[in-house]
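This report concerns only the one structure given below.
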Amino acid sequence: MITDRNKRLAWEPLLFWALVLVHLLPVFAAHWFVTLDGPCHLYSARIVKDLLLGDAFMGGFFHLSTFPEPYWTGHAIMALGLLVFPAWVVEKFIFSLAIVGLAWAFRYFIRTIAPHRTWVALLVMPFLLHYALRLGFLNFSLSLPLYFVALALVWRGTENGRMRTVPLAAVLALLYFTHLFTFVLGVATIVALLTWTSILKWRTDRALIPAMLVSFAIAVALPLNLTVAYLATHNTLEVASVHASFSDLLQWAGEGRAWNGLGNEGESLACALTALPIFLAGIAALVVRVIALRNSKVSSIDFWPLLAVAGLVGYFILPDAMAGGTSASPRMLLFAMFFWATWIAVAPLPKWALVVAVFAVVVVDLVHTRIQYRSSAHLGMELTEYLGIENALEDRSVLLPVNHSSNWMHSNFSNYLGMGAERVVVLDHFTALAPFNPEQWNKDRLPHEAIGNFSTSNMPCVRLAGYAEKTGANVDLVLRWKANAIEPDSCAADLTRQLEQGFVLAASSANGDAQLFRKR
């Protein structure tokens with residue numbers, strides 16, 4: 001017999017996935033889904049595809065790393081997709097995969113640790129368009145679903161007394177090849193969980209402990225050894241280890257920095273109102289649990305409040321550059337908020353309190369999603385203007401983009417120009433400089449010292465002839481963006497002089513914001 005309660009619960013998956021689909025709207029708001037680093041990762045995948053197909057022209061500028069780098073997953077998926085589909089389709093697919101994958105994995109995780117409260121998985125909604133996804137940190141975004149699947153597999157193993165070694169090994173290996181920071185944090189979380197479980201089972205199920213530990217050791221062996229090899233062979237200390245101030249970290253936590261990637265109007269308020277009910281519910285649950293411990297024993301669920309507190313502590317004390325990347329503090333805050341949401345799912349709070357917290361988070365997040373949709377549509381319009389000159393691109397050409405815009409989201413627009421049928425080397429391609437990237441610049445073709453600060457300034461001083469003098473390769477095309485909107489300084493005037501002497505205007509966008517010059 002179907003009860004009213006079961007009927008109500010039957011609506012939960014429909015509501016959950018309907019809200020997930022709403023979070024895909026910003027991805028489809030324009031022809032391209034513009035993020036900060038996303039264009040660079042897409043262009044990297046194009047280069048990977050060309051190199052694997054033996055393209056000699058692209059091979060003159062880039063090469064594939066021979067080390068099993070920990071950032072292959074996104075590149076591999078997109079490179080395969082580019083063999084069949086247009087680049088804009090591949091871009092939408094990979095970001096949709098990150099969003100839908102996280103939604104599914106978090107729900108799977110909540111069903112594992114709190115099967116009677118699957119509906120609390122609705123707390124994942126603000127995380128679906130988290131700050132790192134909007135900044136285009138693609139591999140990090142793809143790593144989040146794998147993290148929660150790994151935790152769910154380990155939790156099921158501790159509860160059932162039997163770890164599924166092969167699936168866990170596959171997930172951990174894929175996690176390593178997706179993002180090193182998340183892999184390291186995932187291993188640390190699992191070690192903490194197994195330690196907690198071993199303490200609880202020491203008196204009752206002591207015989208199960210060695211089997212669990214051995215299964216995990218086998219599962220983590222390969223990616224852990226790859227991590228050690230990576231740290232031993234790569235210079236991961238190129239970026240100075242710095243700490244943000246305590247006051248800044250406190251402000252970021254209160255403002256919901258984990259979800260605010262672009263700083264659009266209204267985003268700070270929306271993200272702060274998202275963080276507030278999560279913190280309030282989590283703290284209330286902590287108080288209730290501490291009081292209850294006077295008359296009850298510590299149980300397995302008490303791992304999650306400890307993890308939530310540890311996540312915040314880690315956020316405040318860890319440096320801002322670690323595990324092969326920068327911006328560790330916002331990443332750690334994102335995980336800390338995940339841990340608080342997890343704690344709420346298992347917390348001994350009355351149902352009405354949970355409903356209020358979840359409802360508040362979901363409603364405010366819908367407002368934030370609308371803000372993100374409008375932002376995506378606007379950035380898409382600006383990119384359309386930028387790409388207004390792409391029909392004038394030539395095959396086997398070297399393009400120098402010069403960005404005069406003060407909008408930081410325009411910084412990597414140029415990488416989209418490498419996604420057409422023409423083979424174009426975009427000199428402002430910074431991801432190929434990262435030691436963990438699958439494709440790398442050939443050292444004899446590095447453009448930055450030869451040309452100037454075109455990649456780090458919107459008021460650049462450049463010397464166009466410097467690239468040929470240092471590398472033997474000419475700059476065939478120069479694209480100026482928003483030069484018509486600046487007050488010319490000496491560097492801008494000098495660039496105009498160089499273009500007048502050695503280049504001709506080949507194309508201009510509809511409003512004249514993008515101008516493409518071809519070498520005479």
Side-chain angles (χ1 to χ4, degrees), residues 34-41 43-44 47 61-62 135-137 235 237-240 242 320-321 325-327 382-383 386 389 397-418 424-437 439-503 505 513-519:
V34 179
T35 59
L36 183 63
D37 289 358
C40 299
H41 294 302
Y43 182 49
S44 283
I47 296 170
F61 294 85
F62 304 97
L135 292 183
F137 297 172
N235 184 4
L237 299 178
E238 289 182 354
V239 179
V242 297
D320 202 44
T326 56
S327 301
E382 293 180 309
L383 179 61
Y386 189 94
I389 52 79
S397 59
V398 177
L399 169 70
L400 174 68
V402 180
N403 177 32
H404 297 285
S405 172
S406 59
N407 187 336
W408 66 312
M409 291 299 293
H410 296 176
S411 301
N412 297 313
F413 272 7
S414 61
N415 283 251
Y416 281 118
L417 294 172
V424 178
V425 173
V426 180
L427 294 179
D428 190 7
H429 179 49
F430 79 92
T431 53
L433 298 171
F436 44 76
N437 209 57
E439 46 91 27
Q440 301 278 314
W441 278 101
N442 294 340
K443 289 185 178 180
D444 61 346
R445 292 293 173 90
L446 286 170
H448 305 86
E449 292 184 6
I451 299 175
N453 63 341
F454 69 95
S455 64
T456 58
S457 173
N458 64 341
M459 301 178 64
C461 292
V462 300
R463 185 167 174 269
L464 301 180
Y467 192 57
E469 293 173 2
K470 189 173 180 62
T471 69
N474 287 317
V475 172
D476 303 308
L477 301 167
V478 177
L479 188 148
R480 297 189 81 175
W481 172 243
K482 295 289 187 180
N484 55 356
I486 63 170
E487 290 291 333
D489 59 6
S490 58
C491 290
D494 181 61
L495 176 57
T496 299
R497 178 189 60 78
Q498 293 179 64
L499 291 172
E500 290 174 348
Q501 291 179 352
F503 292 75
L505 181 64
D513 289 334
Q515 294 179 312
L516 184 70
F517 298 86
R518 182 182 296 118
K519 188 173 179 63

So, do L477 and R518 sit near enough that their side-chain heavy atoms are less than 4.5 Å apart?
yes
Main chain of D444, side chain of N442: is a donor-acceptor contact present, judged purely on distance under 3.5 Å?
no
Between D428 and N412, do the side chains contain an N or O donor and an N or O acceptor separated by less than 3.5 Å?
no
Salt bridge check: are D476 and K519 linked by an N-O gap of less than 4.0 Å?
no
Please examine the side chains of H429 and S44, heavy atoms only from C-beta on, and report whether any two atoms are closer than 4.5 Å.
yes
What's the shortest heavy-atom distance between W441 and V426, and which atoms?
CZ2-O, 3.9 Å
Is there a side-chain contact between Y43 and T431 (heavy atoms, below 4.5 Å)?
no
Does H404 reach the side chain of P460, with side-chain heavy atoms less than 4.5 Å apart?
yes
For the CG atom of L433 and the CD atom of Q440, what is their distance to the nearest 0.5 Å?
8.0 Å
All heavy atoms of K482 vs all of I486, minimum pair found to be O-CG2, 3.6 Å
List the atom of A468, the atom of N474, and the distance in Å for their closest heavy-atom pair.
CB-OD1, 3.5 Å
If you look at every heavy atom in N407 and S405, which pair is closest and at what distance?
N-OG, 3.1 Å
Does some side-chain heavy atom of T35 sit less than 4.5 Å from a side-chain heavy atom of H41?
no
Spacing of L417 atom CG and L479 atom CG [to the nearest 0.5 Å]
6.0 Å
Going through the checks in order, is the side-chain contact (heavy atoms from CB on, under 4.5 Å) test met by T496 and R480?
CA-CA 10 Å; T496 299; R480 297 189 81 175; 2.9 Å; yes
pair F430-N415: side-chain heavy atoms closer than 4.5 Å
no
Does a sphere of radius 6.0 Å around CD in E449 hold more than 12 heavy atoms from other residues, nucleotides or ligands, not counting ones at 6.0 Å or beyond?
no
If we only count heavy atoms from C-beta on, is the W481 to P401 side-chain gap below 4.5 Å?
no
Can you find a pair of side-chain heavy atoms, one from V425 and one from F62, that are under 4.5 Å apart?
yes
Atom CG in L399, atom CG in L516: separation rounded to 0.5 Å?
7.0 Å
Locate the shortest heavy-atom distance separating N403 from S411; write the atom from each residue and the value.
ND2-CA, 4.0 Å
Nearest 0.5 Å, please: how far is CD1 in I451 from CD in E469?
11.0 Å
Shortest non-hydrogen contact from Q498 to L464?
OE1-N, 2.9 Å
Pairwise distance CZ(F454) to OH(Y467) - rounded to 0.5 angstrom:
8.5 Å
Calculate, to the nearest 0.5 Å, the distance between atoms CE and CG belonging to M409 and L135 respectively.
6.5 Å
